> 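The structure under discussion is supplied below as structure tokens; questions concerning it will follow.
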Amino acid sequence: MTERRARGTSPAGRGDRRTSRAAGSRPADSAAKRGRRRSESAEKPKPRKNASGPVGDKHDHTFLGLSTGKAVILAMVVCGLALTLAVPTRTYFTQRAEAAQLAQQREELETDLARLRDRRAQQQDPAYIRSEARDRLRLVMPGETPYIVQVPGIEAPAPPPAPTRAREPEPWYTDLWRSISEPPPAP
């Protein structure tokens with residue numbers, strides 16, 4: 001019957017109209033329908049069933065050899081581990097950078113300390129103190145005669161003073177603006 005409707009004509013050529021007789025009164029049509037149902041059911045393969053259920057409906061999709069559900073669970077576990085390890089890893093690298101910076105700063109302070117110790121030892125030496133007093137303060141030891149030699153032309157001449165320019169008068173609108181914006185002087 002469905003094939004006839006699909007074509008649009010019946011074998012008698014009358015279309016799809018039914019007569020007053022019931023469909024079950026024709027023995028040839030009902031036998032043909034039963035045969036057709038059996039052939040249709042034989043064409044559709046039924047899924048096989050095992051103890052856990054039909055084969056193929058849960059394990060149709062796989063990802064890297066794992067079912068979709070297992071792959072999702074594995075991805076969640078990996079993300080959880082990554083998030084759990086992210087903070088300690090960041091802290092570790094931050095502390096390593098800080099330690100390197102502090103080591104460099106310590107080396108700089110140790111070199112400064114060594115330089116200051118040398119300077120202190122130098123300043124405690126009486127010969128250094130005498131030489132600095134002679135050079136900087138121009139002091140002499142008792143019994144010595146100081147000489148100051150002044151050679152003309154050794155001293156650098158003073159630079160000539162810069163010529164001063166005469167102040168140019170300001171435009172009229174500057175005076176106007178000042179008279180508006182500044183209060184007049186008190187008497």
Side-chain angles (χ1 to χ4, degrees), residues 47-48 50-187:
R48 293 181 292 169
N50 60 9
S52 66
V55 176
D57 59 346
K58 279 192 178 179
H59 302 290
D60 284 343
H61 302 287
T62 59
F63 183 73
L64 297 175
L66 299 172
S67 67
T68 306
K70 288 181 182 178
V72 168
I73 291 172
L74 179 64
M76 289 173 56
V77 168
V78 168
C79 287
L81 285 173
L83 291 174
T84 302
L85 295 176
V87 173
T89 305
R90 185 191 66 178
T91 304
Y92 171 74
F93 286 118
T94 303
Q95 287 178 351
R96 281 191 60 172
E98 246 180 76
Q101 182 183 8
L102 289 174
Q104 181 183 3
Q105 188 177 10
R106 181 180 177 177
E107 288 177 8
E108 291 172 1
L109 289 174
E110 285 177 354
T111 56
D112 286 347
L113 181 64
R115 185 181 51 81
L116 290 173
R117 282 184 181 156
D118 290 343
R119 179 90 171 136
R120 186 180 71 184
Q122 185 182 27
Q123 287 178 350
Q124 289 178 351
D125 184 24
Y128 177 76
I129 293 172
R130 273 190 224 118
S131 68
E132 287 295 310
R134 284 177 194 256
D135 293 339
R136 289 186 184 178
L137 302 176
R138 298 185 182 194
L139 296 177
V140 292
M141 295 296 288
E144 292 181 353
T145 306
Y147 291 100
I148 298 177
V149 179
Q150 295 180 349
V151 179
I154 290 181
E155 293 180 9
T164 57
R165 282 203 223 160
R167 198 176 115 187
E168 295 179 17
E170 296 178 348
W172 62 270
Y173 49 84
T174 306
D175 293 333
L176 178 65
W177 181 254
R178 276 197 196 124
S179 67
I180 294 171
S181 63
E182 294 176 1

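Keep in mind that the numbers below use all heavy atoms, side chains included, and drop hydrogens, waters and symmetry copies. If you're wondering where the values come from, they're calculated on a predicted model, not measured in any experiment. Residue indices begin at 1 and follow the sequence shown.
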> Going by salt bridge (Lys or Arg N to Asp or Glu O under 4.0 Å), name the residues that satisfy it together with Arg136, two or more places apart in sequence or in a different chain.
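Once residues adjacent in sequence are excluded, the partners of Arg136 under the salt bridge (Lys or Arg N to Asp or Glu O under 4.0 Å) criterion are Glu132.
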> List the residues meeting side-chain hydrogen bond (donor to acceptor under 3.5 Å, both in side chains) with Gln104, not counting sequence neighbours, and say none if there are none.
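With sequence neighbours excluded, Gln104 shows a side-chain hydrogen bond (donor to acceptor under 3.5 Å, both in side chains) to no residue whatsoever.
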> Looking at CD1 of Ile73 and OG1 of Thr68, how far apart are the two atoms once the value is rounded to the nearest 0.5 Å?
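It comes to 11.0 Å.
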> State which residues pass side-chain hydrogen bond (donor to acceptor under 3.5 Å, both in side chains) with Arg115; sequence neighbours excluded, sorted by chain then number.
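With sequence neighbours excluded, Arg115 shows a side-chain hydrogen bond (donor to acceptor under 3.5 Å, both in side chains) to no residue whatsoever.
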> Does Arg90 have any side-chain hydrogen bond (donor to acceptor under 3.5 Å, both in side chains) partners at least two apart in sequence or in another chain, and if so, which?
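Once residues adjacent in sequence are excluded, Arg90 has no partner under the side-chain hydrogen bond (donor to acceptor under 3.5 Å, both in side chains) criterion.
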> Distance-only check: which donor-acceptor pairs under 3.5 Å involve side-chain atoms of residues 139-147, not counting sequence neighbours?
{"residue": "Glu144", "atom": "OE1", "partner": "Arg134", "partner atom": "NH1", "Å": "2.9"}
{"residue": "Glu144", "atom": "OE1", "partner": "Arg134", "partner atom": "NH2", "Å": "3.3"}
{"residue": "Glu144", "atom": "OE1", "partner": "Met141", "partner atom": "N", "Å": "3.4"}
{"residue": "Glu144", "atom": "OE2", "partner": "Arg134", "partner atom": "NH2", "Å": "2.9"}

> Return each pair, listed once, that meets side chain to side chain donor-acceptor pair (under 3.5 Å) where at least one residue sits in residues 174-184; pairs must be two or more places apart or across chains.
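Checked against side chain to side chain donor-acceptor pair (under 3.5 Å) - neighbours excluded - the pairs reaching residues 174-184 are Glu170-Arg178.
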> Mind checking whether Arg120 and Leu116 have side chains closer than 4.5 Å, heavy atoms only?
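No, every pair of side-chain atoms sits at 4.5 Å or beyond.
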> Tell me every residue that passes side-chain hydrogen bond (donor to acceptor under 3.5 Å, both in side chains) with Tyr92, counting only those two or more places apart in sequence or in another chain.
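For Tyr92 the side-chain hydrogen bond (donor to acceptor under 3.5 Å, both in side chains) partners, ignoring immediate neighbours, are Arg96.
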> Check side chain to side chain contact (heavy atoms under 4.5 Å, CB included) between Asp125 and all other residues, then give those that pass, not counting sequence neighbours.
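Side chain to side chain contact (heavy atoms under 4.5 Å, CB included) list for Asp125, sorted by chain: Ala127, Tyr128.
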> Sequence neighbours left out, what passes salt bridge (Lys or Arg N to Asp or Glu O under 4.0 Å) with Arg106? Give chain and number order.
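By the salt bridge (Lys or Arg N to Asp or Glu O under 4.0 Å) rule, Arg106 matches Glu110.
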> Report, one line per pair, each donor and acceptor closer than 3.5 Å where one atom sits in a side chain of residues 82-89; sequence neighbours left out.
{"residue": "Thr84", "atom": "OG1", "partner": "Gly80", "partner atom": "O", "Å": "2.6"}
{"residue": "Thr89", "atom": "OG1", "partner": "Leu85", "partner atom": "O", "Å": "2.6"}

